[in-house]
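Okay, structure first, notes after.
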Amino acid sequence: MLSKSARGFTLIEMVVAIVILGVGLSGLLLTFTTVSKNNADPIISKQMLAVAEEIMEEIALKPYTPASNTAPAACARDTYNDVSDYNGYATTGKICDLEGTTIANLNGYSLSVSVAVSALSGIAASKKITVTVSKDSSSFT
């Protein structure tokens, strides 16, 4: 005959345990759902990063000293010959290559660039380049 201490769980104890586990798991799943819903699509994030890095590298390879140039057509940047030329450059709903050709796979993305001159003792010492790429409600700066 078994002793009273070794007889196992009662039906009520099992139901209570299942209810507690169910509430805990549903709270955990709700957290994962909320987090994944509020995160941007990883592919969109990678595309925004790639576009921002590409334009930042293009700008950084230009000379610091301003030089005269002709105004580009549409969203072309082929006549930009110094860093300051990119200040105010922006596209809406499209990303263009250097010659101004729209990249079809990047339709819906927008780009804006600002170049701010920082002064040190009244002398232009550096330029801060800010590139912002966005798509829908996601953006990367």
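Predicted model only: the values in this text are computed from it and were never measured.
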Does the D97 side chain pair with the main chain of T102, one donor and one acceptor, at a distance under 3.5 Å?
no
Using a 3.5 Å distance criterion without hydrogens, assess whether the side chain of S138 forms a donor-acceptor pair with backbone atoms of S134.
no
Does D85 have any side chain to side chain donor-acceptor pair (under 3.5 Å) partners at least two apart in sequence or in another chain, and if so, which?
N69
Test side chain to side chain donor-acceptor pair (under 3.5 Å) applied to K94 - qualifying residues, sequence neighbours left out:
none
May I ask you to check whether Y86 and E58 show a side-chain donor-acceptor distance below 3.5 Å?
yes
Gap between atom CD of E54 and atom CG of L49 - 0.5 Å precision:
12.0 Å
Quick one: list whatever passes side chain to side chain donor-acceptor pair (under 3.5 Å) with Y89, sequence neighbours left out.
R77
Verify the distance criterion only: is there a donor paired with an acceptor across the side chains of S84 and K127 at less than 3.5 Å?
yes
Donor-acceptor pair, distance only, cut-off 3.5 Å: does the side chain of K128 make one with the backbone of V117?
no
If only atom types and distance count, is the side chain of E53 paired as donor or acceptor with the main-chain N or O of A50 below 3.5 Å?
no
Do you reckon V133 sits in the same ILVMFWY cluster as I103, going by side-chain contacts under 4.5 Å, direct or chained?
yes
Check whether any side-chain N or O of D82 sits under 3.5 Å from a backbone N or O of Y64 as a donor-acceptor pair, and report yes or no.
no
